[in-house]
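Written below as C-alpha cells is the structure these notes are about.
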Amino acid sequence: MRLDVVTIFPEYLDPLNVSLVGKARARGQLDVRVHDLRTWTYDRHNTVDDTPYGGGPGMVMKTDPWGDALDTVLADGYETGARGPVLVVPTPSGRPFTQELAVELSERPWLVFTPARYEGIDRRVVDEYATRMPVYEVSIGDYVLAGGEAAVLVITEAVARLLPGVLGNAESHRDDSFAPGAMANLLEGPVYTKPPHWRGREIPEVLLSGHHGKIARWRRDEALRRTTANRPDLIERCDPAAFDRKDREM
Ligand SMILES: Nc1ncccc1[N+](=O)[O-]
C-alpha cells in the first residue's frame, strides 16, 4: 500500500517512522510519502490560507497550493478504478471513522491524505478531485482538533494493522473490539497475564481452568458487561442468536 500525506506540518507525521507502521515501512509493506504543502507556494510568506468568502472567523486553505500538490502526487503512476488512489480528507464534518471503514480503506492500494488546518480547505479542491477518484471525508470523533494530522496518524494505524503480514499474529485482530463475528460490536473484556498474584489481586479462576468453553463464555459475558456499561448503544446492534450459536460451539 502507498500512503501520501500533504500537510503544512510534515514533522507531525514523524510517528509514522516508529512502531507498527515504521516496521511495515522498513519491510516494504507500506510506502509512506509525506509532502510539505508549502512546497507548492511561490510567495515570500509561503501563503496557504486566506479569509473566508462570506466573512466569519478563521482562515480557509487556498485552492492553488492543494491543486498543485495533488497534481504532483497523483501524476506519479495515477490510474482510475480499483487500482487507483482514493482521497482521504480528515474533517469533523466527515462520516465517522469505524473499524468497518478501516477494513474498506485497507483494501485500497493507494491512500492520499489531505489533513487541513484552520477552518478547512476551499471546497472546490474536493469537488475537483472527486471527479477523478473516490473521496472519503472522515471524522475520527465529535471534537475539534487544530488540524487533521492527528487523524491521519489514527487512520493510518487502524488501516496498517489490517494489512496482511503487518500484525505479527494474524489472529490478533480477529477478536478486536468491533471486528466482525459473534463478538461483533462488543467491547473487549478484561485481560490478565503473569504474575498470578499482584498486590493481593488474583486472576479470575476460570482463566486458570484450562476449560476453553468456559473461558470463552466468561470472556463473552465480561464483554457484554463492559459494553453495557460503556457503550449501551452497541448492545442494540448485537445479534443474540449469534451468541446462542456460539454457546453451542463452546
Ligand atoms: N475532529 C477533527 N478535527 C479537526 C480536523 C479533523 C478532525 N477529524 O475528526 O478528522
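Every value quoted in this text rests on a predicted model; they were computed, and no experiment measured them. Residues: numbered from 1 along the sequence shown.
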query = If you count the non-hydrogen atoms of other residues, nucleotides and ligands that lie under 6.0 Å from CD in Glu202, is the total more than 12?
reply = yes
Thr39 side, atom OG1; Ile8 side, atom CD1 - distance, nearest 0.5 Å = 12.0 Å
ask   = Just by modelled atom types, is the Phe9 backbone N or O under 3.5 Å from a matching donor or acceptor in the Thr7 side chain?
value = yes
remark   = Here the pair of heavy atoms bringing Pro115 nearest to Trp66 is O-CH2, 3.5 Å
task = Would you name the heavy atoms of Pro196 and Ile203 that are closest together and state the gap between them?
result = O-CG1, 3.6 Å
ask   = Donor-acceptor pair, Arg161 side chain versus Leu20 backbone, under 3.5 Å?
value = no
ask   = Would you call Glu222-Arg225 a salt bridge at under 4.0 Å N-O?
value = yes
ask   = Taking Tyr136 as the fixed residue, which of Arg108, Arg95, Glu104 is the one that meets the side chain to side chain donor-acceptor pair (under 3.5 Å) rule?
value = Glu104
ask   = side-chain contact (heavy atoms from CB on, under 4.5 Å) with Arg226: which residues, sequence neighbours excluded?
value = Leu187, Pro190, Asn230
query = Does atom CZ of Arg201 have more than 12 heavy-atom neighbours, drawn from other residues, nucleotides or ligands, at distances under 6.0 Å?
reply = no
key: Value rounded to 0.5 Å, distance of OG1 in Thr41 from CG in Asp49   = 11.0 Å
key: Distance-only side-chain donor-acceptor flag, Trp110 / Asp4, under 3.5 Å   = yes
task = Would you indicate whether the side-chain heavy atoms of Val73 and Arg2 approach each other to under 4.5 Å?
result = yes
ask   = Mind checking whether Tyr129 and Leu74 have side chains closer than 4.5 Å, heavy atoms only?
value = yes
Minimum heavy-atom distance between Pro57 and Pro52, given as atom pair plus value = O-CG, 4.0 Å
message = Can a donor-acceptor pair be found, under 3.5 Å and without considering hydrogens, that links the side chain of Thr131 to the backbone of Glu128?
response = yes
key: Residues that Thr98 engages under side-chain contact (heavy atoms from CB on, under 4.5 Å), provided they are two or more places apart   = Pro96, Glu100, Leu101
key: Enclosure of Asp142 CG (heavy-atom neighbours >12, cutoff 6.0 Å)   = no
ask   = Can you tell if the side chain of Leu224 reaches within under 4.5 Å of the side chain of Ile235, non-hydrogen atoms only?
value = yes
task = Indicate yes or no for a side-chain donor-acceptor contact from Asn17 to the backbone of Asp14 under 3.5 Å, with no hydrogens or angles considered.
result = yes
Those residues that, when tested against Ala150, pass side-chain contact (heavy atoms from CB on, under 4.5 Å) (two or more places apart) = Tyr12, Leu145
request  = Would you give the length of the straight line joining atom OG1 of Thr51 to atom CE of Met59, rounded to the nearest 0.5 angstrom?
outcome  = 6.0 Å
key: Separation between OG1 of Thr114 and CD of Glu137, rounded to the nearest 0.5 Å   = 8.5 Å
query = Looking only at heavy atoms, which two atoms of Ala160 and Leu30 are closest? And how far apart?
reply = CB-CD1, 3.8 Å
ask   = Is the shortest heavy-atom distance from the side chain of His211 to the side chain of Val206 under 4.5 Å?
value = no
message = Strictly below 4.0 Å, N to O, side chains only: are Arg124 and Asp122 in salt-bridge contact?
response = yes
inquiry  = Once rounded to the nearest 0.5 Å, what's the spacing between atom CZ of Arg231 and atom CG of Leu186?
reply    = 11.0 Å
Pair Trp40-Thr72, side-chain donor/acceptor within less than 3.5 Å = yes
ask   = Is a donor on one side and an acceptor on the other found under 3.5 Å between the side chain of Tyr143 and the backbone of Pro92?
value = no
ask   = Distance-only, no hydrogens or angles: does the Gln29 side chain make a donor-acceptor pair with backbone N or O of Gly165 under 3.5 Å?
value = yes
inquiry  = What's the separation between atom CE in Met1 and atom CG in Asp31, rounded to the nearest 0.5 Å?
reply    = 11.0 Å
key: Any donor-acceptor N/O pair, Ser139 side chain to Gly141 backbone, under 3.5 Å   = yes
